[in-house]
> 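One structure, pasted below without further comment.
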Amino acid sequence: MAAALTPQQLSETHRPTLDQALETIGTRAYWSPHPEHPKAYGEGGAPGSLGAAEGKAAFDAVLNTRFDLDQPGTDGWTGGEVSPYGPELGVEYPHADIDVLLPAMKSGTAAWRAAGPETRALVCLEVLSRISARTHELAHAVMHTSGQAFMMAFQAGGPHAQDRGLEAVAYAYQEQTRTPGSADWSKPQGKRDPLKLTKTFTTSGRGIALVIGCNTFPTWNGYPGLFASLATGNPVLVKPHPRAVLPLALTVRIAREVLAEAGFDPNLVALAAERPGEGIAKSLAVRPEIRIIDYTGSTAFGDWLEANARQAQVYTEKAGVNTIVVDSTDDYRGLLANVAFSLSLYSGQMCTTPQNLLIPRDGITTDAGPKSYDEVVSDIAAAVNGLLGDDARAAALLGALVNPDVKARVEAAGELGEVALPSRAVANAEFPGAVVRTPVVVKLDGTKTDEDAAYFSECFGPVSFAVAVESTDAALELLRRTIREKGAMTVGAYTTSPEVERAIEDVCLDESAQLSLNLTGGVYVNQTAAFSDFHGSGGNPAANAALCDAAFVANRFRVVEVRRQA
């Protein structure tokens with residue numbers, strides 16, 4: 001059957017987008033082809049896209065059904081997702097016999113390799129375009145598996161995730177095309193005829209890539225690895241978190257449809273849903289067919305993958321202890337508002353949420369006069385209360401706690417020290433079954449620097465520690481140790497001193513941590529923009545890779561040379 005999507009059609013539709021993405025990763029300017037506003041979709045919006053009502057109807061139509069993907073090796077059905085907002089999703093997914101599925105995934109590799117970097121990139125952009133058209137549907141899927149509030153699920157799970165996928169494709173294309181496809185080689189031999197060869201250089205993927213999905217950001221964290229591996233010529237097996245299958249299952253279905261329409265084997269992308277308690281990630285990770293692994297989740301399993309999946313190139317984003325150093329500010333109200341929002345967004349369930357607030361015991365200088373440690377902590381608590389005082393507004397910002405472990409950590413935080421800001425339950429009028437909690441802030445003594453100090457471990461969720469330190473210098477020493485030993489995805493700092501600013505910068509440069517300075521407006525330390533900001537650095541224990549840079553894609557393929565006598 002002839003391909004419904006020809007290379008010419010793909011090029012006419014998507015080559016301008018690819019060119020713009022390539023330009024933007026060089027300039028680091030703001031750009032996104034995926035609209036953030038819900039009204040940009042549906043009637044009067046992006047052509048062919050689902051509007052709000054259509055997207056909700058499409059999501060509802062999937063509930064309580066079998067999600068057939070027509071994959072080889074299906075030996076049963078599995079499911080069991082329950083929304084953090086209360087309802088059971090009731091979706092059943094195909095359970096795969098891996099011994100059947102993996103060989104089937106490899107069968108289409110030769111044609112995918114022969115297609116070349118440009119065609120692979122353009123097919124990936126067609127997949128992303130169709131995902132974008134269904135952003136409203138995917139937003140509900142992300143919301144009801146992660147606990148994100150709808151607007152965050154729409155933006156972070158939709159356009160922002162799609163941007164990260166496109167960014168990965170751009171880097172993949174750029175790295176694969178550094179080497180020319182062919183070359184004529186001639187070496188002079190004096191009076192004799194020159195030695196002549198013709199050479200071809202073909203990019204070849206490493207093998208099957210495994211994407212191990214996470215519960216909190218299934219698409220945002222899943223798309224970079226998925227599209228980086230697919231664009232570099234590798235089949236991709238997607239193993240979702242058992243509580244967040246639907247967003248990635250929808251993604252896999254769309255990818256399989258596009259691959260088939262473009263004339264490629266749809267089994268280049270497949271889903272590996274697991275039965276309750278099955279834990280297939282470990283067994284998959286060490287199979288010889290798996291040559292690339294992308295993982296977001298706990299440090300313990302990330303460390304296990306790095307130590308045991310020796311046959312694969314492993315990319316991990318694990319836990320870190322994110323820190324804000326408060327030295328001084330010329331916009332105290334802006335500082336308070338910015339920090340309060342950062343602590344509250346998605347109930348602190350982001351790998352970039354600040355946890356430790358390092359504040360000098362003797363206080364700080366501000367445009368509102370000197371503020372003692374107790375005043376700063378009290379004012380941060382008041383800012384959080386002011387932000388979240390109305391339940392409807394709070395529910396829209398906090399979302400829901402993703403699992404009972406987070407709730408347990410919030411409830412136990414008060415035992416760690418003096419509570420400066422107690423957590424409270426928030427009622428969600430639309431979803432009475434949602435578990436919603438405001439942040440808790442606990443005062444801790446920063447002179448207790450033993451390994452058991454609470455602020456040396458990640459306390460995932462809406463829990464933050466206001467750590468009293470002897471001085472800014474002491475804060476920087478603690479910051480350095482924390483990054484070096486525990487890792488950090490983000491560091492924030494507030495200072496009016498050029499000397500302190502340079503000192504903080506030096507720590508972050510030495511320890512490879514991404515730094516945000518003096519944020520007092522509408523940009524927050526726990527947010528990053530694709531094509532411009534790097535998410536993680538790959539240089540400290542929180543992650544061994546950055547989203548996205550050349551290192552994230554370059555080791556997913558090899559260049560194979562063939563020489564011929566001219």
Side-chain angles (χ1 to χ4, degrees), residues 14 16-38 40-41 46 121-122 124-135 138-139 142 146 148 151-175 211 213-214 216-232 247-248 251 294 296 315 317 345-346 350-353 489-490 514-516 519 522-538 542-543 545-554 556:
H14 299 299
T17 303
L18 178 59
D19 288 340
Q20 184 64 61
L22 290 165
E23 178 183 336
T24 308
I25 61 176
T27 63
R28 316 307 293 181
Y30 171 76
W31 172 71
S32 171
H34 305 114
E36 286 186 323
H37 200 286
Y41 300 83
L122 296 176
C124 287
L125 264 62
E126 175 67 20
V127 175
L128 284 163
S129 175
R130 295 196 192 184
I131 290 171
S132 177
R134 294 170 62 176
T135 294
L138 278 155
V142 171
S146 70
Q148 294 176 32
M151 186 54 73
M152 183 175 186
F154 185 93
Q155 293 184 338
H160 297 171
Q162 295 151 24
D163 285 348
R164 283 297 185 191
L166 174 56
E167 180 184 39
V169 173
Y171 273 104
Y173 177 83
Q174 185 179 67
E175 292 306 306
V211 174
C214 70
T216 49
F217 288 89
T219 56
W220 199 100
N221 278 110
Y223 284 4
L226 191 166
F227 286 101
S229 287
L230 193 61
T232 49
L248 291 178
T251 301
D294 287 276
T296 301
Y315 300 90
E317 182 190 311
L345 184 62
Y346 184 33
M350 303 173 70
C351 63
T352 49
T353 299
M489 294 298 293
T490 58
Q514 311 294 15
L515 172 64
S516 298
L519 297 183
V523 176
Y524 305 95
V525 68
N526 39 353
Q527 297 174 319
T528 59
F531 309 108
S532 186
D533 295 323
F534 292 107
H535 176 75
S537 71
L547 303 180
C548 279
D549 61 6
F552 185 69
V553 300
R556 296 174 190 261

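Along the sequence shown, the residues carry numbers beginning at 1. Just so we're clear, the structure is a prediction, and the values are computed from it rather than from any experiment.
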> To check you understand the geometry: which heavy-atom pair defines the closest contact between M151 and P38, and what is its length?
CE-CG, 3.7 Å
> Identify the residue among T216, V211, N221 that makes a side-chain contact (heavy atoms from CB on, under 4.5 Å) with T296.
N221
> Kindly write out the residues that satisfy side-chain hydrogen bond (donor to acceptor under 3.5 Å, both in side chains) with T135, not counting sequence neighbours, or none if the list is empty.
Q162
> Should T352 and Y524 be marked as a side-chain hydrogen bond (donor to acceptor under 3.5 Å, both in side chains) after you check the CA-CA gap, both sets of side-chain angles, and the distance that decides it?
CA-CA 10 Å; T352 49; Y524 305 95; over 6 Å; no
> Name all residues meeting the side-chain contact (heavy atoms from CB on, under 4.5 Å) criterion together with Q514; count only those two or more places apart in sequence or in a different chain, and write none if there are none.
F534, S537
> Without swapping roles, check the side chain of R164 against the backbone of L547 for a donor-acceptor pair under 3.5 Å.
yes
> Holding to side-chain contact (heavy atoms from CB on, under 4.5 Å), I want the full list of residues that pass it with S129, two or more places apart in sequence or in another chain.
H14
> For residues 16-34, pull every pair meeting salt bridge (charged side-chain N to carboxylate O under 4.0 Å, His left out), keeping only residues two or more places apart or in separate chains.
R15-D19
> Report yes if the side chains of F217 and S146 come closer than 4.5 Å at any heavy-atom pair, otherwise no.
no
> Tell me, do Y346 and T353 make a side-chain contact under 4.5 Å, heavy atoms counted?
no
> Closer than 3.5 angstrom, by distance alone: can the side chain of T232 be matched with the main-chain N or O of S229 as a donor-acceptor pair?
yes
> Could you give me the CA-CA distance, side-chain angles and deciding distance for N526 and T490, then say whether side-chain contact (heavy atoms from CB on, under 4.5 Å) is met?
CA-CA 7 Å; N526 39 353; T490 58; 5.8 Å; no
> With sequence neighbours left out, what residues match C124 under side-chain contact (heavy atoms from CB on, under 4.5 Å)?
V169, F227, L230, A231
> Holding to salt bridge (charged side-chain N to carboxylate O under 4.0 Å, His left out), I want the full list of residues that pass it with E317, two or more places apart in sequence or in another chain.
none
> Quick one: list whatever passes side-chain contact (heavy atoms from CB on, under 4.5 Å) with A545, sequence neighbours left out.
Y315, F552
> Return the set of residues passing salt bridge (charged side-chain N to carboxylate O under 4.0 Å, His left out) with R130 (not counting sequence neighbours), or none when no residue passes.
E126, E261
> Among residues at least two apart in sequence or on other chains, which ones pass ring pair (Phe, Tyr, Trp, His ring centres under 6.0 Å) with F531?
W31
> Among all residues two or more places apart in sequence or in another chain, which pass the salt bridge (charged side-chain N to carboxylate O under 4.0 Å, His left out) test with D163?
none
> The criterion is ring pair (Phe, Tyr, Trp, His ring centres under 6.0 Å); which residues satisfy it with Y173, sequence neighbours excluded?
none
> State which residues pass ring pair (Phe, Tyr, Trp, His ring centres under 6.0 Å) with H160; sequence neighbours excluded, sorted by chain then number.
none
> Is there a donor-acceptor pair under 3.5 Å between the side chain of Y41 and the backbone N or O of P35?
yes
